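Structure, as structure tokens:
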Amino acid sequence: MPQREPALLWLRDCALTALVLALCTLTSWVFFRLDFVSSNYILTYILGVMYINVFTSGLVYGVVASLFSVMLVNYMFIDPFMQFRIRSDDMVTAVVMLCVSLLCSSLTGRIKVQAAQSERKAYASQVLLEASRSLLGAEDPDTILRITATQLGKLLERPVCFAPAPEHIAPGTLILPPPAQTDYRSCPELHEFSTYEHNLALSILDVCSLALEKEASNRARREIAARQEQLRANLLRSISHDLRTPLTSISGNALILTEKNPLLTEEKRRELSAAIYEDANWLNHLVENLLSITRMENGQVNLHIQPELIQDIFDDVLAHLDHDAARHTIVTNVADDLLMADMDAQLIEQVLVNLINNAIKYTPEHSRIELFAAPEGKFVRICVTDDGPGIPEESRDKLFDMFYTLGKTRSDGRRGLGLGLALCRSIVAAHGGVIDVQNAAPHGACFRFTLPRTEVTLYKPLILVVEDDPAVARLISTTLETRNYQYHRVQNGAGALLEAASARPDVILLDLGLPDMDGIDVIRKIRGWSNVPILVVSARSDDTDKVSALDAGADDYLTKPFSVEELLARLRVALRRVTRPAYTRTENCALTMPQAVCTAAERRFT
């Protein structure tokens with residue numbers, strides 16, 4: 001609210017007080033000449049005091065007016081006239097008049113203060129409403145800050161600007177920090193104002209922050225829309241070129257084949273058919289990448305994460321490569337045969353196929369391509385390395401952007417769309433990994449990405465050894481211990497039944513000649529409630545004993561003396577009959593696996 005200068009305001013109030021007292025005196029003089037009762041003079045001056053209190057800026061003017069009113073009434077309208085002489089009976093009148101004037105002055109002053117506060121609040125509310133409307137309609141940050149500074153200036157009655165301040169500012173300008181970097185509730189620049197003004201200023205600044213956030217959000221949406229529009233334009237422009245070339249080849253070669261020209265040799269027909277097949281495969285690969293990148297960008301892909309053997313993934317990838325892969329040397333190198341990672345196998349295979357196909361298409365024939373995997377902390381790092389010309393330094397940061405290509409000529413003469421590597425980045429990022437490219441030594445490129453590693457813990461089968469001979473029991477126990485088996489050892493049939501029920505072994509090695517009961521009776525009792533494999537190890541070599549043991553429920557029969565190799569072989573056969581999943585996932589992401597024999601060629605567990 002605009003305010004007058006203090007000197008002018010003081011002069012105005014003094015002049016108004018003098019004028020009102022003069023008018024009251026003139027009015028009372030008229031009443032006096034008309035012989036009105038003296039109470040009319042008093043009421044006239046009281047009315048004047050109330051008027052002065054209402055229209056002046058402080059209570060002091062009303063108090064001064066009250067004193068002067070008493071003096072003027074005594075001097076001009078109480079006998080003796082034109083003299084100051086207070087009689088005892090006039091004293092009461094003067095005191096009552098002064099008290100009434102002071103009371104009216106105080107009441108009017110309070111009403112005036114309340115009116116001024118109400119007017120101030122109404123003005124502040126108007127400023128806040130105007131600020132909210134103006135800020136929410138602003139379209140750029142500079143306009144938002146300018147409107148906020150203007151409205152704060154109106155509220156705080158001093159110029160306001162935001163840092164960095166312009167070179168020329170008015171004296172006394174309040175400089176506030178930028179809204180994006182400040183919590184204004186602890187801003188010292190606003191603490192000099194009243195609590196009411198401080199809270200209103202915070203409200204305006206909060207609206208300013210909301211307006212800036214809204215503007216930033218709208219700007220980001222516009223940028224995304226513009227980028228998507230640019231991507232669509234680039235896609236259409238690229239597809240218009242890259243689809244026409246293979247389609248022209250397919251339609252032309254198909255037309256030649258349908259004409260059945262007698263001059264067309266069988267070898268030429270095969271070449272044309274192979275060209276059609278190759279172009280169709282290229283188009284299929286292009287469409288798959290387009291669909292995949294679209295689903296990834298729109299978040300429509302549900303990952304089916306589960307532990308996978310890296311070597312199995314490599315083997316599957318090699319089986320799905322283009323026929324051009326036969327012209328290159330592709331090798332795999334896995335640091336650990338049991339190296340595993342959490343992944344969606346289908347998507348990661350697509351990543352590897354894209355990387356290997358890129359290496360095939362951008363390197364000369366007979367180049368060497370290596371798939372390498374090794375543990376790296378909690379991750380598995382997978383590398384696809386070639387010995388081609390490599391990647392220019394300035395292109396590495398852009399290589400994984402959509403529609404970006406190096407501009408190199410591929411070995412098949414086609415120009416890529418620049419979608420394959422962008423798709424690889426999206427898939428790897430969805431798995432919680434990162435992908436990058438480095439130049440290999442002495443030349444070539446190395447594409448590397450990481451996947452969460454799955455820890456593998458071999459399961460140790462539990463073998464129950466039931467043998468009363470200490471030497472044989474020691475031989476079997478030592479053999480099992482050195483082959484990473486767990487074992488429990490008992491010396492009689494009762495202990496065998498108790499351990500078989502409580503420990504639940506995977507295989508039982510049972511001697512028939514036990515001190516407390518015959519081993520065949522032990523077999524029959526166990527078969528009453530368990531199908532655990534039982535391998536009889538006994539010195540009884542008669543066929544009758546073997547048939548009796550097998551009929552009772554034994555799975556195999558080994559006669560003493562025996563070789564360690566034969567015992568282990570028969571034990572592996574018995575373990576293959578155990579119904580157990582190949583591996584089970586535990587809470588800490590470890591894998592529990594049965595004892596396995598894994599060959600590098602077949603990658604199968606037995």
Side-chain angles (χ1 to χ4, degrees), residues 458-584 592-599 601-602 604-606:
L458 289 178
Y459 171 76
K460 295 182 178 182
L462 176 61
I463 312 299
L464 176 59
V465 181
V466 186
E467 176 62 59
D468 62 333
D469 186 272
V472 177
R474 187 166 51 252
L475 170 64
I476 295 176
S477 301
T478 303
T479 300
L480 295 176
E481 187 174 356
T482 56
R483 297 306 193 278
N484 208 30
Y485 289 100
Q486 301 180 80
Y487 67 90
H488 289 182
R489 197 174 90 182
V490 296
Q491 298 178 352
N492 51 52
L497 295 175
L498 180 62
E499 286 292 324
S502 60
R504 302 183 62 183
D506 294 292
V507 176
I508 298 176
L509 299 181
L510 176 66
D511 184 16
L512 295 182
L514 300 175
D516 58 341
M517 69 174 67
D518 189 73
I520 294 178
D521 293 333
V522 175
I523 295 174
R524 290 195 181 99
K525 291 180 181 296
I526 292 177
R527 281 292 174 257
W529 45 266
S530 174
N531 290 323
V532 58
I534 300 176
L535 172 58
V536 174
V537 182
S538 176
R540 301 177 186 177
S541 59
D542 293 342
D543 291 342
T544 304
D545 294 319
K546 294 179 181 179
V547 171
S548 298
L550 294 173
D551 286 343
D555 294 272
D556 201 353
Y557 198 103
L558 180 62
T559 305
K560 300 176 183 177
F562 54 84
S563 68
V564 171
E565 289 75 13
E566 183 180 4
L567 173 64
L568 292 174
R570 291 178 183 268
L571 184 58
R572 287 194 295 269
V573 172
L575 282 171
R576 282 200 292 268
R577 300 172 187 165
V578 178
T579 303
R580 186 180 297 277
Y583 50 84
T584 56
T592 305
M593 304 183 64
Q595 176 67 22
V597 177
C598 181
T599 62
E602 295 180 351
R604 294 180 180 175
F605 291 99
T606 59

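For clarity, every value in this text was computed on a predicted model and none was experimentally measured.
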Stepwise side chain to side chain contact (heavy atoms under 4.5 Å, CB included) test for Val466 and Ile508: CA-CA 7 Å; Val466 186; Ile508 298 176; 4.1 Å; yes
Full working for side chain to side chain contact (heavy atoms under 4.5 Å, CB included) between Thr478 and Tyr487: CA-CA 10 Å; Thr478 303; Tyr487 67 90; over 6 Å; no
Side chain to side chain contact (heavy atoms under 4.5 Å, CB included) between Val465 and Val490, intermediate numbers included: CA-CA 6 Å; Val465 181; Val490 296; over 6 Å; no
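Between Tyr557 and Leu512, some side-chain heavy-atom pair lies under the 4.5 Å cut-off.
Residues passing the side-chain contact (heavy atoms from CB on, under 4.5 Å) test with Ser563, sequence neighbours excluded: Glu565, Glu566. Remark: Lys560 pairs with Glu467 by the side-chain hydrogen bond (donor to acceptor under 3.5 Å, both in side chains) rule, at least two apart or across chains. Taking Gln486 as the reference, Lys460, Leu462 meet the side-chain contact (heavy atoms from CB on, under 4.5 Å) condition, with sequence neighbours excluded. The side-chain contact (heavy atoms from CB on, under 4.5 Å) search around Val564 returns Leu475, Thr479, Arg483, Leu568, not counting sequence neighbours.
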Acceptor/donor pairs from residues 517-538 side chains to any protein atom, 3.5 angstrom cut, sequence neighbours excluded:
| from | atom 1 | to | atom 2 | distance (Å) |
| --- | --- | --- | --- | --- |
| Asp518 | OD1 | Arg540 | NH1 | 3.2 |
| Asp518 | OD1 | Arg540 | NH2 | 3.0 |
| Asp518 | OD2 | Ile520 | N | 3.0 |
| Asp521 | OD1 | Arg524 | NH1 | 3.4 |
| Arg527 | NE | Gly553 | O | 2.8 |
| Arg527 | NH1 | Ser530 | O | 3.1 |
| Arg527 | NH1 | Val532 | O | 2.9 |
| Arg527 | NH2 | Val532 | O | 2.8 |
| Arg527 | NH2 | Gly553 | O | 2.9 |
| Arg527 | NH2 | Asp555 | OD2 | 2.8 |
| Trp529 | NE1 | Lys525 | O | 3.1 |
| Ser530 | OG | Val532 | N | 3.1 |
| Ser538 | OG | Arg540 | N | 3.1 |

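Minimum interatomic distance between Pro461 and Asp506 (heavy atoms only, all atoms of both residues): CA-OD2, 3.3 Å. Contact record, Leu464 with Ala500: CD2-N, 3.9 Å, taken as the closest heavy-atom pair. Nearest heavy-atom pair, Ser541 versus Thr559, reported as atom, atom and distance to 0.1 Å: CB-CG2, 3.8 Å.
Remark: the backbone N or O of Val472 is paired with a side-chain donor or acceptor of Asp469 at under 3.5 angstrom.
For the atom pair CG of Asp516 and CD of Gln491, the computed distance is 10.5 Å after rounding to the nearest 0.5 Å. Interatomic distance, CD1 of Ile463 versus CD1 of Ile476, reported as 11.0 Å (0.5 Å rounding).
Sequence neighbours left out, the pairs with a member in residues 492-505 that pass side-chain hydrogen bond (donor to acceptor under 3.5 Å, both in side chains) are His488-Glu499.
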